[in-house]
Amino acid sequence: MNAPLPASTTYAKSLNAALLEMMREDERIYFLGEDILDPYGGAFKISKGLSSAFPDRVITTPISEAGFTGLATGMALRGLRPIVEIMFGDFLAIAADQIINHMAKFVTMYGRDLEVPVVVRTPMGGGRGYGATHSQSLEKIFLGTPNLTVVAPSHAHDPGQLLRNAVALGRPVLFIEHKMLYPETLLASGGALMIEPLTDEPFPTMLMKNFSRGAADVLIVAYGGMSRLLAPLARQMAEEEINLAIALPALLSPMTVAPLLPLAAQCGRVLLVEEGTTGFDWGAEVAAQLYAATYKTLKAPIARLASRAEIIPTSTAGENAMLVGAADIESKILELLA
Amino acid sequence: MNAPLPASTTYAKSLNAALLEMMREDERIYFLGEDILDPYGGAFKISKGLSSAFPDRVITTPISEAGFTGLATGMALRGLRPIVEIMFGDFLAIAADQIINHMAKFVTMYGRDLEVPVVVRTPMGGGRGYGATHSQSLEKIFLGTPNLTVVAPSHAHDPGQLLRNAVALGRPVLFIEHKMLYPETLLASGGALMIEPLTDEPFPTMLMKNFSRGAADVLIVAYGGMSRLLAPLARQMAEEEINLAIALPALLSPMTVAPLLPLAAQCGRVLLVEEGTTGFDWGAEVAAQLYAATYKTLKAPIARLASRAEIIPTSTAGENAMLVGAADIESKILELLA
Amino acid sequence: MDAKRNDLLTGFYEKMVLINTVESSLLNLFAEGLLRGTVHTCLGQEAIPTGVCAALEPGRDIVCSNHRGHGHFLAFGGEARPLIAEIMGDASGVCRGIGGSQHIQLGNFYSNGILGGMSPVATGMALAEKRKGSGGVVVQFLGDGALAEGVVSEAFNMAALWSLPILFAVESNGFAQSTPTALEHAGKLSARGAPYGIPITELDGNDVLAVHAAAQEAVGAARGAGGPQILFMNTYRLGPHSKGDDPRDPAEIARHAEQAPIPRARAGLDPEWCDTTDHRIAAEVAAIIQGIRSARIAAQ
Amino acid sequence: MDAKRNDLLTGFYEKMVLINTVESSLLNLFAEGLLRGTVHTCLGQEAIPTGVCAALEPGRDIVCSNHRGHGHFLAFGGEARPLIAEIMGDASGVCRGIGGSQHIQLGNFYSNGILGGMSPVATGMALAEKRKGSGGVVVQFLGDGALAEGVVSEAFNMAALWSLPILFAVESNGFAQSTPTALEHAGKLSARGAPYGIPITELDGNDVLAVHAAAQEAVGAARGAGGPQILFMNTYRLGPHSKGDDPRDPAEIARHAEQAPIPRARAGLDPEWCDTTDHRIAAEVAAIIQGIRSARIAAQ
Ligand SMILES: Cc1ncc(C[n+]2csc(CCOP(=O)(O)OP(=O)(O)O)c2C)c(N)n1
Ligand SMILES: Cc1ncc(C[n+]2csc(CCOP(=O)(O)OP(=O)(O)O)c2C)c(N)n1
Ligand SMILES: [Mg+2]
Ligand SMILES: [Mg+2]
C-alpha cells in the first residue's frame, strides 16, 4: 500500500502528482475549492494542471467554505469521491458544523454504516508572516470527533500516497498539510538519518533515527510540519552524539500510542512537539496515554512543547517568539538529558 | 465575590435570577438568542421574565447562530455587554469561526488589549433522548483557544454567581450548562456530603467530600453535569465507607491542576470523569498535567472516563450505553481500589 | 371535479390522514411517557409533504428533510411502523432507534436536526445526480425560520450557479418555534432566492392539489435541466412546536384549523368515504402502536 | 466645474495618490524582501475608500474593513507611517507589527482577514451605536467574492430587521483572487440585499465624486434612521490579487487602467498641480519608508 518514495520530489509535487493520477484512475473523484483552476492552480498550487486535465471534475467554488464542504458531503453520499481544498486551514472553523454535525454524523447516525468518502485537505501552520487568521494549526478542534479521521503527513511520509489512502478509506478524512512543507524535498534515509515506517497502516507512523548503533536517548513524538524542524536538528545532534528516535505519526485521530511503547520504554525519556497552541492539544492525549501505558517506567516526566497560547503575530520576531522553534526543541532535549 | 448559595434554588432558577438582577443593575447588558421572549422564555426557560422586564435589551434573533454571535462581538467591542444564548450547544459549531477567529482574536490581535465583554451561554449534554445533534458535549473543541475562557458550573456551584463573574470578566467567555442540571436543586453541604470551595477565583473549583474523618481513597475530578451523577454516588459510597474527594472545577480553560495537587498526593488515586466523547478530551489535559506534577507518586495510573467515541443514540438503551453513567464511575472507583 | 382529479384527491386524503394520525399518536405517546426526546409534528401542514412527494419518483429522486420530517418520510413512501418504532427509540425502527425523530435515513430519504445544514448537502446530492446522469431530482424541505441560516443562501447560490436539479420546498408556517416570522426576517421572505435567479412560486400550501401541481411543474423543470426551483408554500402549524407548551392564541389556531389541508380536501370528497377512511387508518395506526408495545413488553 | 466641486476633487486626488503610492511602495518592499506575509493592494480602486470615507466622521463613525484594507485605513484618517510600519512587521506599527496587513485596528477602524466574517460584527457595532444614541454609522467594506459567505446574508437580514445604521460598501472588482465573478455568483450579484428590503445603489466605483455623493446620501440615510444601505460599486483591481502572479490578460488590465480613478480625477484638474502633488507625495512616502529602514538598521 505504501510504495517507495520517488526520488527527490517535494511535498507539494507529491500531492499534485497523486491528485492527477487518482483522477485519471477513478472517475468518481472530484476536486473542489476556491481558486483551484488553471492557470492559477490554487493558492498553494497543489491543484496545478488538474482542471486542464479534468475540466469537468474540477469545480471552482464560491467563497462559501461551509457551503462547499456540505456540498462535498452530499456528493459523497451519492457515490462520488470529492476532495475539498480549504484554502487556509483557519477557515475550517467556518465549516465546523458541516464537518462535525453533518459529514461525520452521517457515517453512523442512521443506525447503519454509510459510505461517506470525502477528504477535506487544507494547509495549516505559521512561519510565513500571514498573521493571526492565516497561520493557525486549528486541527486540534477536530481531534476526537467520532467518525472523523484526521491525518497529517510529515515530509518523512509520502503525502501523495497518504492522500490516496485517505480517498480509499470511504469515510471522512481531514487531511492537514503544513504550508511550510510544500516546497520541501521529501526526506529519505541518508547521511545521519535513517527513516523507516514504524507501522504499516494506511497512515503510518514514520520513524526517523539519527544513530545506527546504540539506543535512543530521547524519543520525540511529533507530526506534520514539525519534521521540518526535527530533521536538521537530528542531523546536528548526531554530531553531538545525542541519539534521537523521532516518531512521526500521520494518523492524529483516532490515535493509539501502542506502536510507541517499545521505544518509550527503551529510552525512558519522551518529548512531544507540535505547532498548535499549548493546552488541550494533541500532546495532551498522547502524554496521557503514554503515561498510563508506561506507568512509572519512564526516567523523567514527559516533556511537552507547543506554541504559546496566544494569537500569532505577523512580524518575524513576534512569530518566532510565539511559535515553537528548533531552539525550543533543542533546549528541551538537553533539559530532558540533564 | 462568591456569595453564599441561596437555599434550595435550582440551577435554572439561579441563572434566571442572576440574569434579571444583572440586567437591572447594568444597562449595558443585553440578552440575545433564539425564542427567548416571554411568554416562551427560551427553550430551557432560562430567560423567562427577562423580556417583560427589559423589553429593549432582550433581542430575539433570527436562526443565524454565526450571525448573532458575531453581532454580540460587535456590540461588546462598542461598549455593551451582550449575553448570547445558543439554544443547543451542538449549534456552537456553526458559530465556531465567529468565536475562534473573531471574538477571541480581537482581545489581543491588534497589539493591544481590547475589552470584549461577551458571554456565550449554552446547554450541553445528553440524557434526554434528543439524539445525535442535540445531545453532545462539544465544549472540548473550544478548550485551549487563546483568549477564550471556558466555564462550566456544576450544581455544587452557584451558576448564577458564576455567570455574573463571567460578565464582569471583560473578555469572551463560553459558559457551558448541562441541560440535565437545570431542574436540579443546587447542592449544599448536608447529610454525608460536605461541599466547600477549593479555590477562590471567579470560577472556583468546588470540593465535595463524602467523609468527615480520615483521608480520601480516591480523588475524582469532573465538571459540569457530572455532579448530577457524582453526588448520589458519593452518598451511596459513604455508606460503603469509600471516601471520595470530588473536585469540580468550573474553569475548564485555561486550566491549571495546581489546586488539585495536595489531594492527588494524599490519596494517590485519581479518576477523571466527563461526558464528552473519549479522546482528545478535557481529561487528557488534566491527566497530562497531573502526571507531570505528581510524577511517580501516584499509587495507580490515572483513570479516565468519558463517553464512547460514537454518535449519541436517541433510544434510552442506546444513550445509556454510550454516555458515561453512574455505574461506569462506580466500577472504575472499585477498579482503582482493587 | 373530473375523475383523475378525484383519484388524486382520494389518494392525497388517505396520505394526509395517515400523516395526521401518526403525528397525533406520537403526541399521545409522548404524553404517556412512551416516547422521549423531542417530536416535531406537522399537524395542519400535511398537504405539503403529500403534494410534493407525490411529484417524485422514490427510486431516483431524493428527499432531504429537517426536524419536522415524519410527514416527508411517510409521503415519500416510508412505512408507518418502522417510523413510529424509530421515534419510540425501538431497535425495530428504521434507524434501529439510534437516529430518532430528527435523524432518519432510508433509501433516498435523509434528515438531520441542524436547521439549514442540509441545504448544501442536498445541493451536493443534486450535483452528483446531475453528473451521474441519473435524472434524479433532490427536494430539500425547509422551514421559514431556517431560511435565516447563511448556509441556505450559499446553497441557493451554488445550486443556481451550476444549474442543479434541486427543489427547495419552503414550508412557511409563519413561526419558528415560538417566534413569528416578522420578528426574525426582514423584507420579503419569499423572495430570498430571487437574486440568484431561481424561479420562485408562492402558493397556498394547504391546498394539496395546488401543491402537487406546483411540485410537478417544479420537479419537471428541475429534471429538465431548468436548474433549481423554489416553492414557497404558506401554511400553518396546528400543533405545538414540539410537544407541550404553545404560546399562540387558541382562537388564532382554531381559525386556521378550518383552513387546514384535511378539512379542505374533505370538502371535495364523499364524507362517508372520508369517515370510513379516517376510521380505517386510525385502526391501522393503533394496531401498529399496539404491536410495538406488545413486542416491547414481550422483550422485557 | 464649480469651486466646491474642485476643492473636493483636489482633496480626493491627493488622498487617492497617497493610497496609490503607499500600495505601490508596499509591493516594492515585498519584492525587495523587506515585507513578509501577504499584502493585498487596492491599486485602481482608490476612489472607493476615498469617496466613502470622506462621507464619514472619524470621531463617531466606524469602519470595518477586510483583507484589502490599506486604502480604507488611510482614507479614514489613518497615517501612512504607522500603517507601513505595521505591514513591515515593525514594532512602531499601528498594531505593533502584530496584526499585519489584514488585522488592523485604531480608534474606530477594525479589519480582519476572514472574508465576510466582519459583516455580523459590524452589524453588532451598528446596533450598539444605535442603542447608545451616538449617531454613529458603521461602514463595512466587502469584496464581490465575499458576498458568497452565508454570514453576510445573515448580517443583511439582521441589519434590515432592526433597521441599523450600517452601510455595506461593496467593492465589485469583477474578481475574487483568480476567479471571475461569473464563476462564483449566480444571478444578479448587486441585488443580493434586495429581498431584505435594503436600498441598493449601483454605481461607477471609479468616479470618486460619484462615490462620494452616493456615500453621503447613504450615510445620511443610515444616520437618519433609514436603516442599512448598500452601495454596489463597480471597479477594477489594477494590481495582482496580493503579490506576484496575476493570471489576467495584460491587455485587459491596460484597458481598465485608462478608466482608473486617478487618471479620471486628473482629467478634471490642473495637470501641473497634479504632477507637483504626485512628486510631493512620492517623496513623503519615500521618506517614511527610509525612516523605518534607518530605524531598523539602527536597532540592529
Ligand atoms: C441550527 C439550528 N438552530 C436552532 C435549532 C432549534 N430549532 C429547532 S426547530 C426551530 C424552529 C424552526 O423554524 P422553521 O424553520 O420555520 O420550521 P418549523 O419548525 O416552523 O417547521 C428551532 C429554532 C436547530 N434545530 N438547528
Ligand atoms: C473566509 C475566507 N475564505 C477565503 C479567503 C482567502 N481569500 C482572501 S482574498 C480572497 C478573494 C476575495 O475576493 P473579493 O471578496 O472579491 O475581494 P477582492 O480581493 O476582490 O478585493 C480570498 C478567496 C479568506 N481570506 N477568507
Ligand atoms: Mg416555520
Ligand atoms: Mg473582488
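The sequence lines fix the lettering, A, B, ..., with proteins before strands; numbering per chain opens at 1. The analysis underlying the following values was restricted to heavy atoms, covering all of them including side chains, and did not include hydrogens, waters or symmetry mates.
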Item to complete: Give me the contact list for residues 90-101 of chain B versus chain D, heavy atoms only, anything under 4.5 Å, ordered by residue number.
Response: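 Expected list: B:Asp97, B:Gln98, B:Asn101.
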
Is chain D contacted by the side chain of [X], its backbone, both, or neither, given a heavy-atom distance below 4.5 Å?
X	value
B:Leu80	side chain
B:Ala66	both
B:Thr108	backbone
B:Phe106	side chain

Practice prompt. Answer whether the closest heavy-atom distance between the side chains of B:Glu65 and D:Glu154 falls below 4.5 Å.
Written response: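 No, their side chains stay 4.5 Å or more apart.
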
Fill in: D:Asn112 side, atom CG; B:His102 side, atom NE2 - distance, nearest 0.5 Å
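So the CG of D:Asn112 and the NE2 of B:His102 are separated by 4.5 Å.
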
Discussion item. Return the CD1 to CG distance between D:Ile62 and B:Leu77, rounded to the nearest 0.5 Å.
Written reply: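 If we round to the nearest 0.5 Å, D:Ile62:CD1 and B:Leu77:CG are 9.0 Å apart.
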
Let's test your reading of the structure: which of [options] forms the most heavy-atom pairs below 4.5 Å with chain B?
options	value
D:Ser134, D:Gly113, D:Pro120	D:Pro120
D:Ile104, D:Val151, D:Asn157	D:Ile104
D:Arg131, D:Lys132, D:Glu129, D:Arg96	D:Arg131

Could you tell me whether [X] atom [atom1] has more than 12 heavy atoms of other residues or ligands within 6.0 Å of it?
X	atom1	value
B:Glu21	CD	yes
D:Glu79	CD	no
B:Lys13	NZ	no

Worksheet item: Can D:Met158 and B:Thr61 be said to form a side chain to side chain contact (heavy atoms under 4.5 Å, CB included), step by step?
Response: CA-CA 8 Å; D:Met158 294 189 294; B:Thr61 63; 5.5 Å; no

Item to complete: Name the region of D:Glu86, side chain, backbone, both or neither, that has any atom closer than 4.5 Å to a heavy atom of chain B.
Response: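 Neither part.
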
Worksheet entry | Contacting moiety of D:Ser111, where chain B heavy atoms sit under 4.5 Å |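 Backbone only.
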
Item to complete: Compare every heavy atom of B:Met109 with every heavy atom of D:Ile98, then report the nearest pair and how far apart it is.
Response: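 So the two residues come closest at CG2-O, 3.6 Å.
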
Fill in: Minimum heavy-atom distance B:Ile59-D:Trp162, with the two atoms named
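Looking at all heavy atoms of both residues, the shortest contact is CG2-CZ2, 3.4 Å.
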
Fill in: Listed partners of B:Arg128 passing salt bridge (charged side-chain N to carboxylate O under 4.0 Å, His left out), at least two apart
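For B:Arg128, no residue satisfies salt bridge (charged side-chain N to carboxylate O under 4.0 Å, His left out) once neighbours in sequence are set aside.
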
Fill in: side chain to side chain contact (heavy atoms under 4.5 Å, CB included) between D:Asn108 and B:Arg78, worked out
CA-CA 9 Å; D:Asn108 286 353; B:Arg78 301 302 300 182; 2.9 Å; yes

